[in-house]
2 protein chains.
Amino acid sequence: MKNNKDLPAEEHSGPLMADVARLAGVAISTVSRALANPGRVNEKTRAKIDAAAKQLGYTPNAMARGLRVGKSNVVMIILPGSLYYGVSQVIPLVLQGINRSLRQNGYHLMIANLDRDEASERHILDLAFGGTVRGAIILSSDLPVHGGRSLKDSALPIVSLLFDMSHAALPSVVTNDRQAVRDATTELIALGHRRFLYLAGPEGNYHDRERYLGAVEALAAAGLPETAIVRSGGSLDYQHGFQIGVDAAAEFADLILKPTVVIATSDDMAISFMSCVQRMGWKIPTDLSIVSFDGAPVCEYSLPPLSTIEQPVEEMGQMAVSLLMERIDAPDKATALRHVIESKLIRRESFGPAPSNV
Amino acid sequence: MKNNKDLPAEEHSGPLMADVARLAGVAISTVSRALANPGRVNEKTRAKIDAAAKQLGYTPNAMARGLRVGKSNVVMIILPGSLYYGVSQVIPLVLQGINRSLRQNGYHLMIANLDRDEASERHILDLAFGGTVRGAIILSSDLPVHGGRSLKDSALPIVSLLFDMSHAALPSVVTNDRQAVRDATTELIALGHRRFLYLAGPEGNYHDRERYLGAVEALAAAGLPETAIVRSGGSLDYQHGFQIGVDAAAEFADLILKPTVVIATSDDMAISFMSCVQRMGWKIPTDLSIVSFDGAPVCEYSLPPLSTIEQPVEEMGQMAVSLLMERIDAPDKATALRHVIESKLIRRESFGPAPSNV
DNA sequence: AGTGGTTTAGCAAACGTTTGCCAAAAAGCA
DNA sequence: TGCTTTTTGGCAAACGTTTGCTAAACCACT
């Protein structure tokens, strides 16, 4: 008849630790110790407890444990809304890699979408300050802020992925984009190329700066002026990756002195750019070489196959997780902040010598 | 000196509800009521409490609340490991859409990767039985099982996305694939096509059955024999989407009677197939028409642009969330199980009349 | 058998909320 | 003012664990 004085949670029907204890004929505390810390308890007792637990299908309540021990076992990943489209080609791989690594460490993965609006920022901060998450991996160059609270103020361990945030004291996992684009550019110069078109994503963004700089450095090293490179795009968001390529193609068509190389900062823009200029009649790589960023699998099957600078996202994800684990276990230990992972150029047919008639 | 008799959780440093109560000069319970149920408390008191909470930067502890009320505010999405690659083109959109809808309902999103191994199944079941999640959205045709426990046995509200699981009493959100492919096939027949090549994903899979059936139905309606369609692929996983296309291209090259249409069950396979056969010298759509599934944005920029049957994933995600919310609010209310969303064919250049020399 | 030392078990408090119940205060009315 | 009705506030228990402390049991040894 359920006329208890107060009757909450008629919801959770599963067996409790107390049930296991009763069935095994021991105290609750013994069950707790047996399950968490097997060494502390007699082997025979432990076996009895395990059997009872299995028989009842017992699963410990994570919230009760979390409350008691003052820590949760979930980590959140903060994805900027716009990245979804741009690097979308690789996001699933990132998530998968991170989720696997976390699981091996006993953690769960929660997703947080960082749109630039009130609701989503509040959402994220509630997660952080409400004790729901134990750490965060962020794929964005700015931290959420709302109503006087900022993610920075939380004691939450945070690791930055893809963006160098070491200036904000965040351990960061990045690729050596600059080096990679410098090498690629140098190689292209050696192939006779002298005029470059650079397709930018969001202007001033960490990746934009690094990658552009890499190209400029290579030019300088070869004694070429910075004017050898023309920038396109930059005002739009990565969200419109394909659109950037389309616009750039129109721009390309209008240029008097045609560049012979296009360096695109995402595969999406390279793909749409290539599609457009080919329709206009240019041949790749005969008239124009193209190299882009991210290493999306689809690049292998474009016509011609697209050279791309691979972002080793799985490795990066693993690294981010292991940094986060360190940070959780020893928050005060000073460690290196900037962790660089080698990104390598995958050479495919979109990449060739400069046209001879130039 | 912290020599309390027992000192757990020296971790959580944030302000407590008690601190807010003290600052506002009221009882804890009043604070709780003011925050959760604004009607129950004097407007003036409430203002005082809100001010105090803001001043302290108070955020309620989600685990404590969850424990007390016996429900959490997180939903998990179960993604099969292999889907990641195949439908990877659209997965980020699915996640984004679902996450947004959930946020509007006050829920958070947790990711669970359903690899077919012990660890991941256990992980998911722990989430379900441990009270961590309040509901689940699953993108897989089989439910996780581990150590005698099955997701089915949990009282957890579950909604199936992409797969029709209504036979297992799960509300399911699917597209009318069969209809869409039937219509497309009919249209192709009207364009003079008589021989079809069908690129299958995992054989016997719900989508495979539906889509193949759609094509067969169209043939039958036009009085063509089932032998007008040749199957390829089917043994590999979606994970190898691109590889399926490559293999199918080789198979295509060996066929005596060349099909004039390829129906691919994912954009990935269509892209790699098209790339390969074009290199072998076939012209699209002159020699061969191609239509595929999923509606990945990249299809617009292949050469030629690829016709694809769009999966309206954002809409599907929203629908799944709203079904889940219903299920959570009224678990026993009987509702329609199968919810079909219209998927439409995007006609692009890969789609043309049959070659006249056939 | 008695003693000292080492395991193992059990009690009870604590984690930070929510909420039923009752008391107190405020408001309405005569 | 004195009474009833309505609103608001406070106490304390409960959610399901973990864990410090203490008591009990066990073991080996003299």
Side-chain angles (χ1 to χ4, degrees), chain A residues 2-22 24-49 53 56 58-73 126 129-132, chain B residues 2-22 24-49 53 56 58-73 126 129-132:
Chain A
K2 294 285 169 209
N3 51 358
N4 305 27
K5 208 175 119 194
D6 84 15
L7 62 166
E10 194 48 44
E11 203 78 10
H12 191 72
S13 43
L16 268 36
M17 198 176 253
D19 300 321
V20 177
R22 199 173 314 118
V26 299
I28 290 189
S29 56
T30 307
V31 176
S32 174
R33 270 186 276 263
L35 263 36
N37 196 353
R40 283 274 286 131
V41 97
N42 186 314
E43 178 52 39
K44 229 173 60 190
T45 316
R46 214 195 54 129
K48 216 163 45 183
I49 291 174
L56 294 172
Y58 170 73
T59 306
N61 181 300
M63 291 196 294
R65 158 187 263 134
L67 177 57
R68 173 63 230 240
V69 305
K71 339 167 159 356
S72 87
N73 59 161
D126 284 351
F129 286 93
T132 305
Chain B
K2 293 286 170 213
N3 50 359
N4 305 28
K5 206 175 120 196
D6 85 15
L7 63 168
E10 194 48 45
E11 205 76 12
H12 191 73
S13 43
L16 269 36
M17 197 175 256
D19 299 320
V20 177
R22 200 173 312 120
V26 299
I28 290 189
S29 56
T30 309
V31 176
S32 174
R33 271 186 274 263
L35 263 36
N37 195 353
R40 280 277 284 133
V41 98
N42 186 315
E43 179 51 39
K44 228 173 62 192
T45 317
R46 214 194 57 130
K48 216 164 42 180
I49 291 174
L56 294 173
Y58 171 72
T59 307
N61 181 301
M63 291 196 294
R65 160 187 262 133
L67 177 58
R68 172 64 231 236
V69 305
K71 347 168 148 12
S72 87
N73 59 162
D126 284 352
F129 286 92
T132 305

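Here the P atom of nucleotide C/dT17 and the CZ atom of A/F129 are 15 Å apart, to the nearest Å. Computed from coordinates, the A/M17 CE to D/dT19 P distance equals 10 Å when rounded to whole Å. Taking atom CG of residue B/L35 and atom P of nucleotide C/dT18, one finds them 8 Å apart after rounding to whole Å. In this structure, A/N61 places its CG atom 17 Å from P of C/dG16, rounding to the nearest Å. The separation between A/R65 atom CZ and C/dG16 atom P is 18 Å, rounded to whole Å. One can place NZ of B/K71 at 13 Å from C1' of C/dT19, the figure rounded to the nearest angstrom. In this structure, B/N73 places its CG atom 14 Å from P of C/dT17, rounding to the nearest Å. When rounded to the nearest whole Å, the span between CG of B/D19 and P of C/dG16 equals 10 Å.
Residue A/R68 has its side chain nearest to C/dA14 when only D/dC15, C/dA14, C/dT18 are considered.
Looking at every heavy atom in both residues, B/A34 comes nearest to B/R46 through CB-CG, 3.9 Å. Closest approach of A/G131 and A/S72 over heavy atoms only: O-CB, 3.7 Å. In plain terms, the two heavy atoms of A/L67 and B/M63 that are nearest each other are N-CE, 3.9 Å. The heavy-atom pair separating B/K48 from B/A24 by the smallest distance is CE-O, 3.4 Å. Closest approach of A/T45 to A/V26, counting heavy atoms only: CG2-CG1, 3.9 Å.
Scored by the side-chain contact (heavy atoms from CB on, under 4.5 Å) test, B/A62 finds A/T132 as partners (sequence neighbours excluded). A search for side-chain hydrogen bond (donor to acceptor under 3.5 Å, both in side chains) contacts involving B/N73 returns nothing, not counting sequence neighbours. Not counting sequence neighbours, the partners of B/A27 by the side-chain contact (heavy atoms from CB on, under 4.5 Å) test are B/S29, B/T30.
A distance of 11.5 Å separates OG1 in A/T59 from CG in A/L16, rounded to the nearest 0.5 Å. Atom CZ of B/F129 sits about 13.5 Å away from atom CG of A/N61, to the nearest 0.5 Å. If you take CG on B/L56 and CE on B/M17, they are separated by 12.5 Å, rounding to the nearest 0.5 Å.
Defining each end axis of the helix from C/dA1-D/dT30 to C/dA30-D/dT1 as the rotation carrying four pairs' C1' atoms onto the next four, with five pairs an end, the two axes are found to diverge by 40° to 10 degrees.
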Restricting both atoms to N or O, compile the protein contacts to nucleotides 9-12 of chain C shorter than 3.5 Å, with distance only.
{"unit_1": "C/dA9", "atom_1": "OP1", "unit_2": "A/T45", "atom_2": "OG1", "d": "2.8"}
{"unit_1": "C/dG10", "atom_1": "OP2", "unit_2": "A/A27", "atom_2": "N", "d": "2.6"}
{"unit_1": "C/dG10", "atom_1": "OP2", "unit_2": "A/T30", "atom_2": "OG1", "d": "3.2"}
{"unit_1": "C/dG10", "atom_1": "N7", "unit_2": "A/S29", "atom_2": "OG", "d": "3.0"}
{"unit_1": "C/dG10", "atom_1": "N7", "unit_2": "A/R33", "atom_2": "NH2", "d": "3.1"}
{"unit_1": "C/dG10", "atom_1": "O6", "unit_2": "A/R33", "atom_2": "NH2", "d": "2.6"}
{"unit_1": "C/dC11", "atom_1": "N4", "unit_2": "A/S29", "atom_2": "OG", "d": "3.4"}

Listing time: all N or O pairs from protein to nucleotides 25-27 of chain D that are below 3.5 Å?
none

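For the OP1/OP2 pair of D/dT17 and a distance below 4.0 Å, the side-chain nitrogens and oxygens of A/Y58 include at least one atom meeting the criterion.
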